[in-house]
Amino acid sequence: MPKVRTKDLVDKFNFEIVSGEEGINRPITTSDLSRPGIEMAGFFTYYPKERVQLLGKTELSFFHQLSPQEKKHRMDELCTDITPAIIVTREMETPQELIEASEREGVPVLRSPMKTTRLSSHLTNFLEGKLAPTTAVHGVLVDIYGVGVLIIGKSGVGKSETALELVKRGHRLVADDCVEIRQEDTDTLIGSAPELIEHLLEIRGLGIINVMTLFGAGAVRSFKRITLVINLEIWDKNKQYDRLGLEEDKMRIIDTDITKLTVPVRPGRNLSVIIEVAAMNHRLKRMGVNAAEQFTNKLAGVIEEGDQEEE
């Protein structure tokens, strides 16, 4: 199933349908837009016909200078069997040649009161969000002090219980059990909950609870950028865990590497407080304050002074 159809643009931006309504369900496969200025001059060799076409003041002003035969030819070439839509901006009058060609080929011609550049920006943002690469991860996503923390781990390790404690401490739940992730940019991952389980939390022994109903609207949010991954695992006495925090592991999600911390779980450890501090410390590191590096530098200084005294 196509992620976006021309009808979605009409519903989102309240476009006026001028002609070609039978093609309203055409799929849109790319977020790239086209302003066919050079095509108006007759050069169609590299015409990106699979893109949404924007006709602004510049394109239509040039079009009106053409001869009747050229006008008909240009619009016939502009309307193809895969062109998802042609949008006329600034509520300008739609050329009759375009209406006739669009009706013949079933290409939706839409009209908007917005300026071309502004509309182009809004359309690009909308389409990039809808057409972004997506995946799903088993885990819990929580907004902690503005840091999107994805908590992962084996089933039964205590992810949902930890999330519940974090919500009680004033943080916000984004998703539990299944986190839908889309890559909106080269280094931007946005996590959200599937519509079916939005605002719900599953606690073994209690069942499913509605976080928004219990704790209020301030305890949830619809989506959040993921900047930190916390991996919960049962304590292994034979495993060497990081005690300084100098080295950062990474977890690749789609095409983006995210900082990953592994937190061992055993009785007596307050996971919610540990994760809360991890989020704050990650935020400090992004601001240029690294406690582990400061400690290492001070330690190196003390060792160097000791060596000099011995000499």
- Query: Does Met280 offer a backbone N or O that forms a donor-acceptor pair with the side chain of Lys285 under 3.5 Å?
  - Reply: no
- Message: Is it the case that the side chain of Thr83 and the backbone of Cys79 share a donor-acceptor pair, with hydrogens and angles ignored and the cut-off at 3.5 Å?
- Response: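 Between the backbone of Cys79 and the side chain of Thr83 there is no qualifying donor-acceptor contact (under 3.5 Å).
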Thinking salt bridges, do [X] and [Y] make one under a 4.0 Å N-O criterion?
{"X": "Arg182", "Y": "Glu184", "value": "yes"}
{"X": "Lys159", "Y": "Asp177", "value": "no"}
{"X": "Asp249", "Y": "Lys260", "value": "no"}
{"X": "Lys12", "Y": "Asp8", "value": "no"}
{"X": "Arg169", "Y": "Glu276", "value": "yes"}

- So, for Lys130 and Val4, which heavy atoms are closest and what is the spacing to 0.1 Å? CB-CG2, 3.3 Å
- Task: Search all heavy atoms of Arg74 against all heavy atoms of Phe44 and return the closest pair with its distance.
- Result: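 Where Arg74 meets Phe44 most closely, the heavy atoms are O-CZ, 3.6 Å.
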Which atom pairs, donor and acceptor, lie under 3.5 Å between side-chain atoms of residues 117-129 and protein residues at least two apart or in another chain?
from, atom 1, to, atom 2, distance (Å)
Thr124, OG1, Ser120, O, 2.8
Asn125, ND2, Ser121, O, 3.4

- Message: Within the 3.5 Å criterion, strictly below it, is a donor on Gln53 or Ser34 matched to an acceptor on the partner's side chain?
- Response: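 Distance-only check passes for Gln53 and Ser34.
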- Item | Which residues share a side-chain hydrogen bond (donor to acceptor under 3.5 Å, both in side chains) with Lys250, sequence neighbours left out | Thr259
- Message: Assess the residue pair Ile181 and Ile226 against the criterion (side-chain contact (heavy atoms from CB on, under 4.5 Å)); give the C-alpha distance rounded to whole Å, side-chain angles, the decisive distance to 0.1 Å, and a yes or no.
- Response: CA-CA 9 Å; Ile181 302 173; Ile226 301 171; 3.7 Å; yes
So, do [X] and [Y] sit near enough that their side-chain heavy atoms are less than 4.5 Å apart?
{"X": "Ile151", "Y": "Leu166", "value": "yes"}
{"X": "Glu198", "Y": "Leu200", "value": "no"}
{"X": "Thr256", "Y": "Gln183", "value": "yes"}

- Message: Under the criterion side-chain contact (heavy atoms from CB on, under 4.5 Å), I'd like the reasoning laid out for Val10 against Ile17: C-alpha separation, chi angles, the key distance, then a yes or no.
- Response: CA-CA 8 Å; Val10 175; Ile17 302 175; 4.2 Å; yes
- Message: Taking salt bridge (Lys or Arg N to Asp or Glu O under 4.0 Å) as the cut-off, I'd like each qualifying pair that reaches into residues 28-53, sequence neighbours left out, listed once.
- Response: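 Of all non-adjacent pairs touching residues 28-53, those that pass salt bridge (Lys or Arg N to Asp or Glu O under 4.0 Å) are Arg35-Glu59.
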- Does the pair Thr162 and Ser272 meet the rule for a side-chain hydrogen bond (donor to acceptor under 3.5 Å, both in side chains), with working shown? CA-CA 5 Å; Thr162 304; Ser272 59; over 6 Å; no
- Taking the six-membered ring of Phe215 as reference, does the NZ or CZ atom of Lys168 fall below 6.0 Å from its centre and within a 45° cone about the axis?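 So Lys168 doesn't make the cation-pi contact.
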